*Asks:* 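The structure follows.
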Amino acid sequence: MLSLLAASGAADPIQFTSLGLTKGIDLGFFQLRFYSLAYLLGVIFAYWHTSKMLKQPGAPMAQRHADDLFFYCTLGVILGGRLGYAMFYDQSLWTGFSGEGFVTWRLLRLWDGGMSFHGGLAGVTAAMAYVAWRDKLNFIRVVDYVSVGVPMGMLLGRLANFVNGELWGRVTDVPWAMVFPEDPTELPRHPSQLYQAGLEGLAMLVIMLCLFWFTRARYRPGLLAGVFTTGMGVARFVNEFFREPDQQLADFAARTGLSMGQWLTIPLILTGLIVVLFALRNKPLAAGTTAPA
């Protein structure tokens, strides 16, 4: 980090390779990728923090529900994220077969990269809907509690993107512009991964934690979920102005004026605002509300 700050004052762009970052931890028999570790730590934090929230008054579910919930949510974020990427960003994954090893179908080669935030969100939502339906829980209140911990996963995931030197930003001349080694143009670009980590991750995490622990937001069904959806949508929409569109969708962004990520985010923002208004207009729950057994 010190080398990054020192280099930011120089006239020349920062060379990403000069930061000395690696994509994972070499354990000898295999390399533990930071991107995989980010997913793991994000799920662990969400599970731990949700368990902590369930001990507070007003919880909508018991610990056993959380245990099941995060198993299905983990599947949902992985399957939804990959299928969403194949659907919206790279349709060639459905029919492409390449790469070394036993698995050659590109759709199944998660380690080659390619996950969609919107697809992962849809997968997690489906998982929450299933658990809520099965155990007769209040769906919107389940979403409220789960949404509080999600920004931690976004923070870790975007930091992992930066460490991997992937998903870089648009060409710029700002003092902190970076040249990423896998960029064929070798042009200075925004480190947009850090912008996303800051807005979609850290800022949203602070907002959600403060809302839960220092206000009575959890007694207004939908408020936490609505704030998360709106805030994440706005943060993603803004960050997309600095992020380079996926190569296969560059023409789409130029033609429509917005990137695919921005088009997919607009419905999130509108939905979030509607949910927030709904939550604020309805009478809050009583403080003595108890969790299902």
Side-chain angles (χ1 to χ4, degrees), residues 1-26 31-39 81-82 85-86 88-93 96 98-100 106 109-118 154-202 235-265:
M1 181 59 72
L2 291 178
S3 62
L4 175 60
L5 294 175
S8 65
D12 295 331
I14 302 168
Q15 296 294 323
F16 180 81
T17 53
S18 68
L19 302 180
L21 302 174
T22 61
K23 295 185 178 182
I25 303 172
D26 188 359
Q31 186 182 55
L32 179 60
R33 300 291 292 265
F34 286 124
Y35 195 70
S36 300
L37 194 59
Y39 268 86
R82 187 59 169 176
Y85 185 83
F88 298 118
Y89 293 94
D90 190 357
Q91 290 81 19
S92 68
L93 292 176
S98 63
E100 300 177 353
R106 292 181 59 215
R109 294 177 62 85
L110 274 67
W111 52 89
D112 288 341
M115 298 288 281
S116 164
F117 161 72
H118 299 90
M154 299 298 298
L155 170 61
L156 296 174
R158 294 313 180 191
L159 290 177
N161 288 145
F162 177 73
V163 170
N164 286 345
E166 60 191 6
L167 302 183
W168 52 74
R170 300 173 190 260
V171 176
T172 181
D173 59 356
V174 296
W176 55 88
M178 294 186 182
V179 176
F180 293 91
E182 296 183 14
D183 177 13
T185 67
E186 298 184 351
L187 294 173
R189 296 179 177 275
H190 283 288
S192 57
Q193 314 96 323
L194 298 182
Y195 303 170
Q196 291 188 271
L199 280 180
E200 299 169 26
L202 183 59
R236 179 63 184 268
F237 191 89
V238 171
N239 281 325
E240 285 286 326
F241 285 114
F242 301 96
R243 176 176 167 177
E244 183 73 11
D246 290 50
Q247 184 177 2
Q248 67 274 18
L249 293 175
D251 290 340
F252 172 84
R255 193 169 62 250
T256 65
L258 296 176
S259 69
M260 176 62 78
Q262 287 173 312
W263 284 113
L264 294 174
T265 297

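Just so it is clear, the values below take in all heavy atoms, side chains as well, and ignore hydrogens, waters and symmetry mates. A quick note: this is a predicted structure, and the numbers were derived from the prediction, not measured.
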*Asks:* In Å and rounded to the nearest 0.5 Å, what is the CG to CG distance from Leu156 to Asn161?
*Replies:*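 Taking CG in Leu156 and CG in Asn161, the distance rounds to 11.0 Å.
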*Asks:* Sequence neighbours excluded, which residues qualify as ring-ring contact (aromatic ring centres under 6.0 Å, His included) partners of Phe242?
*Replies:*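 Scan of Phe242 (ring-ring contact (aromatic ring centres under 6.0 Å, His included), adjacent residues dropped) gives His190, Tyr195.
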*Asks:* Let me confirm one number: the CG-CE distance from Leu199 to Met154, rounded to the nearest 0.5 Å.
*Replies:*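 One finds 11.0 Å between CG of Leu199 and CE of Met154.
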*Asks:* Identify, with sequence neighbours excluded, every residue that meets side-chain contact (heavy atoms from CB on, under 4.5 Å) alongside Thr256.
*Replies:*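 Partners of Thr256 under the side-chain contact (heavy atoms from CB on, under 4.5 Å) test: Phe252, Trp263.
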*Asks:* Looking only at heavy atoms, which two atoms of Val163 and Thr22 are closest? And how far apart?
*Replies:*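 For Val163 versus Thr22, the nearest heavy atoms are CG1-O, 2.8 Å.
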*Asks:* Which residues pass the side-chain contact (heavy atoms from CB on, under 4.5 Å) test with Thr265, not counting sequence neighbours?
*Replies:*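 Expected list: His118, Arg236, Phe237, Ile269.
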*Asks:* Kindly indicate whether the side chain of Met178, heavy atoms from C-beta on, has any atom under 4.5 Å from the side chain of Leu19.
*Replies:*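 Sidechains of Leu19 and Met178: in contact.
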*Asks:* In chain order, what residues pass the side-chain contact (heavy atoms from CB on, under 4.5 Å) check against Leu187, with sequence neighbours excluded?
*Replies:*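 With neighbours one apart ignored, the set is Val171, Thr185.
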*Asks:* Under the 3.5 angstrom rule, does the side chain of Gln193 hit a backbone N or O of Glu166 as a donor-acceptor pair?
*Replies:*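 Flag set: sc Gln193 to bb Glu166 pair under 3.5 Å.
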*Asks:* Between Asn164 and Arg33, is there a side-chain heavy-atom distance shorter than 4.5 Å?
*Replies:*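 Yes; the side chains approach each other to less than 4.5 Å.
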*Asks:* Are side-chain heavy atoms of Leu21 and Phe162 found at a separation under 4.5 Å?
*Replies:*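 With C-beta onward as the side chain, the pair touches.
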*Asks:* Report yes if some heavy atom in the side chain of Pro245 is under 4.5 Å from a heavy atom in the side chain of Arg170; otherwise report no.
*Replies:*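 Yes - at least one pair of side-chain heavy atoms lies under 4.5 Å apart.
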*Asks:* Where do Pro13 and Pro188 come nearest, in terms of heavy atoms and distance?
*Replies:*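 Closest pair (atom of Pro13, atom of Pro188, distance): CB-CB, 3.6 Å.
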*Asks:* Which residues satisfy the side-chain contact (heavy atoms from CB on, under 4.5 Å) test with Gln15, sequence neighbours excluded?
*Replies:*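 Residues passing side-chain contact (heavy atoms from CB on, under 4.5 Å) with Gln15: Thr17, Ser18, Val179.
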*Asks:* For the residue pair Ile25 and Phe34, establish whether any side-chain heavy-atom pair is separated by less than 4.5 Å.
*Replies:*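 Touching, per the 4.5 Å side-chain cut-off.
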*Asks:* Do Leu194 and Arg158 have side chains that approach each other closer than 4.5 Å (heavy atoms only, starting at C-beta)?
*Replies:*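 No; the side chains remain at least 4.5 Å from each other.
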*Asks:* For Arg189, what residues pass the salt bridge (charged side-chain N to carboxylate O under 4.0 Å, His left out) criterion, not counting sequence neighbours?
*Replies:*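 With sequence neighbours excluded, Arg189 shows a salt bridge (charged side-chain N to carboxylate O under 4.0 Å, His left out) to Asp183, Glu244, given in chain and number order.
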*Asks:* Would you say the side chain of Glu200 lies within less than 4.5 Å of the side chain of Leu155, judging by non-hydrogen atoms?
*Replies:*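 Side chain of Leu155 against side chain of Glu200, heavy atoms only: no contact under 4.5 Å found.
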*Asks:* Assess whether side chain to side chain contact (heavy atoms under 4.5 Å, CB included) is satisfied between Trp168 and Glu182, documenting all intermediate values.
*Replies:* CA-CA 10 Å; Trp168 52 74; Glu182 296 183 14; 4.1 Å; yes
